[in-house]
Amino acid sequence: MSNYYVTTSIPYVNGEPHIGFAMELLEADVLARAARQRGETVIFSTGTDEHGTKIAQKADSLGITPRELVDEYSEKFRNLQKLLDISNDRFIRTTDKPHEQRAQLIWKALAKDIYKSKYVGWYDVKEEEFVPEAKADPARMEASHPQAYQKLEEENYFFRLSNYTDAIKAKIESGEFQILPETRRNEILSVLREGLDDISISRPKEKLEWGVPVPGDKKQVMYVWFEALMNYLTVLGYPEHEDFKNFWPADVQVVGKDIIRFHAAIWPGMLMSLGVPLPKTLYVHGHISVNGQKMSKSLGNGVAPQEIVDKYGTDAFRYYFLRHIPSYNDGDFSWESLEAAYNSELANELGNAVQRTAAMIMKYQNGIIGDAKIAQHDINPYEEALAACRFDRALDDVWDRVRGLNQYIEEAKPWEIAKLGDTDHLREVLAYQVGNLLAIADQLEPFMPETAFKIRTV
RNA sequence: CGCGGGAUGGAGCAGCGGCAGCUCGCGUGGCUCAUAACCACGAGGUCAGAGGUUCGAGUCCUCUUCCCGCAACCA
C-alpha cells in the first residue's frame, strides 16, 4: 500500500477566510479523498501562517497581543474546514512549539548556505518582502506615500538561493518536479532563466519580536516566508519522525498563482540545500473574481463562504467551485451561475435521475432492487483529469454519465415495460439504472461526499 | 518595450495542425417513471484584424487593435 501526502498553502491569518482559499482547500481535499478511495494511506495537511510584521502591527493597532490575534483568526480557518467538510489529517500553526523547534533545526541544517551580510534597500511591509532596487516603485520610496517602503540598512542573514538556479531548472525541465498547469511551469522557467538572487531570510529582533528566533543569534528572527515554507516538513516531524520518512516527498502541493515563486523557486532551493527531494507535483490554481471584478475588501464584493453554504449547502458549494471555476485558469463567481448550476445540474439532472429511478423501484417492485452491479464505464477520462488536477474536467466526465443515464431511461422506457408486465426485463433495466447511480456515487465521492452517501442510501 | 492572461454563435467556455464543439438561453417536437422535470431535433459563428508557414491554420510564426489582471488588503 502506498502513501500519499498532499498540502495546501498555509494562509496568513490577517484577514477573514474567503472563497479563494476555500477553493484551494477543496482541491486538496478532492485529491486526498480520491487517494483514500484508491486505498492509499493519506496525510492531508493544511494550517495557518502566523508570524511576521503585518500580524504584529495589526495586533498592535487592535490593542491585543499577536498571540490573541492569531488564535482568533486561526480558529476561523479551522471553522472554514468544518464548513466545507474538509478531510485534512493535520492542521499546523507556525506558532506551534514543535514547528518552531523544527524550523530551527532546519535553519541549522541549511547553515552551509546561510551567510550574514548587510542589507541596504527597501522593504514592503504589506507584502513582507524585500524589494530589489530594480523592481521598486520610485513613488513608494517617498516617506509620504501611503504604502511607502521602509528604508532598511541592517545586518541580515542570507540564503544562497543563487547556487540552486540551475539545479531547480533542471528538475523542472526533466519533469521530476512537475508544475501544473503548463503555463505556470513556463512562467517559472522564464524567471529561472533570468537567474535567482540570494534572499534575505531574517529580520533584526529589535524591529520584530513576533517570529522564530534564529538559532545562535539572539538578535535575529527568521523572515516569515522562509520559516512558513518549512511547515510542509515540520508537520511531518522532520527530520527524525517516521512520517517524514514515509510521506515525503509530497505528492501534490496546492498553491495559488500569487505565491508560485515561493513554491517553485525558494522552496526547492531550500530542499536541495537540505538534501531532501522536491515535491512530485506543484499544482497552481488561479484566482476567483466576483461578477467579473477582482475580489476586494475595499470594493466590498467579497463573498463569505458561510453565506453560500447557508443558502445552498456544503456539497453544492463544493460542486460549484470545483466544476465551474476552471482548474487551470482564473474563474468568476456569480450568484446567478451558482443558482443555475444548482438547479439545472444538481437538482434536475442528477437529482431527478436518482428520483425517477427510486420512484420506479418503489412503484413497480415495491422497493426491491434486482441484482445491481456497478456499471462499467470508461473511467480513463475521469482518472486522467484527476491525476492532472483538472477537477472541472473530472466532473464534466461524471456529468456525461449522468446525462447518459437519463438518455438510457428515455430509450429503455421502463414504464412501458411495466405495462407489458415483463418483470424480468424490468428488473434488469432498473438494476442497470441503480448500478449506474452507484458508479456515479463512487466518482462523486471525492467531490461531494455527502451527496454520494445520499445516492447510495436512497 | 514593466510582467502576465485573454479576444471562438445571445451569455459563459472548450478545442491548440486534419469535417467548428459543449453548457446555459431561445425555437419546435416527443415522453409521462420523475422535480413545470427528462429526451430529440433546430436556428445562431467569415474562431478580434492583417500578413506569413503548411497539402491543410481558432490551432504555428510576425505585426496590429481592443479587453482584463498584477505593481494597491486578498488564494
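Letters A, B, ... mirror the listed sequences (proteins, then strands); counts begin at 1.
Distance, A:I288 CD1 to B:rG12 P: 18 Å, rounded to whole Å. Rounding to whole angstrom units, CZ of residue A:R356 and C1' of B:rU32 are separated by 9 Å. Note: CD1 (A:I259) to P (B:rG4) measures 20 Å, nearest angstrom. Here B:rC38 presents its C1' atom at 13 Å from CG of A:L350, a figure rounded to the nearest Å. Rounded to an integer number of Å, the gap from A:E410 CD to B:rC41 P is 12 Å. In this structure, the OH atom of A:Y320 is 18 Å from the P atom of B:rU23, given to the nearest Å.
Toward the 5′ end of RNA chain B lies the nearest nucleotide of A:T357, the other residue of the pair A:V402 and A:T357 mapping further downstream. Both A:V255 and A:W415 sit near RNA chain B, but only A:W415 has its closest nucleotide nearer the 5' end.
Note on A:D396: nothing from the nucleic acid sits closer than 4.0 angstrom, heavy atoms only.
For the P atom pair drawn from B:rC19 and B:rC60, the interatomic distance equals 16 Å after rounding to whole Å. Nucleotides B:rC61 and B:rC16, compared at atom P, are 15 Å apart to the nearest Å. Atom name C1', nucleotides B:rU28 and B:rG44: the rounded distance is 15 Å, in whole Å. With both ends at atom C1', the span from B:rC63 to B:rC1 equals 14 Å, rounded to whole Å.
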Next item on the list: Given ring pair (Phe, Tyr, Trp, His ring centres under 6.0 Å), test A:F391 with A:Y283 step by step and report yes or no.
Entry: CA-CA 12 Å; A:F391 308 101; A:Y283 161 66; 5.8 Å; yes

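Ring centroid separation for the pair A:F333 and A:Y320 comes in under the 6.0 Å cut-off. For A:F226 and A:F159, the ring centers sit closer than 6.0 Å to each other.
Listed pair A:R323 / B:rG12 fails the phosphate criterion, with no side-chain N or O lying under 4.0 Å from OP1 or OP2. At the phosphate of B:rC38, neither OP1 nor OP2 sits under 4.0 Å from any side-chain N or O atom of A:Q407. Proximity of A:N348 to the phosphate of B:rA36: no side-chain N or O atom is located under 4.0 Å from OP1 or OP2.
Under the 30°/60° scheme for interplanar angles, the aromatic rings of A:Y319 and A:H324 are found to stand perpendicular.
Checking B:rC33, B:rA40, B:rA75 against the side-chain heavy atoms of A:K363 singles out B:rC33 as nearest.
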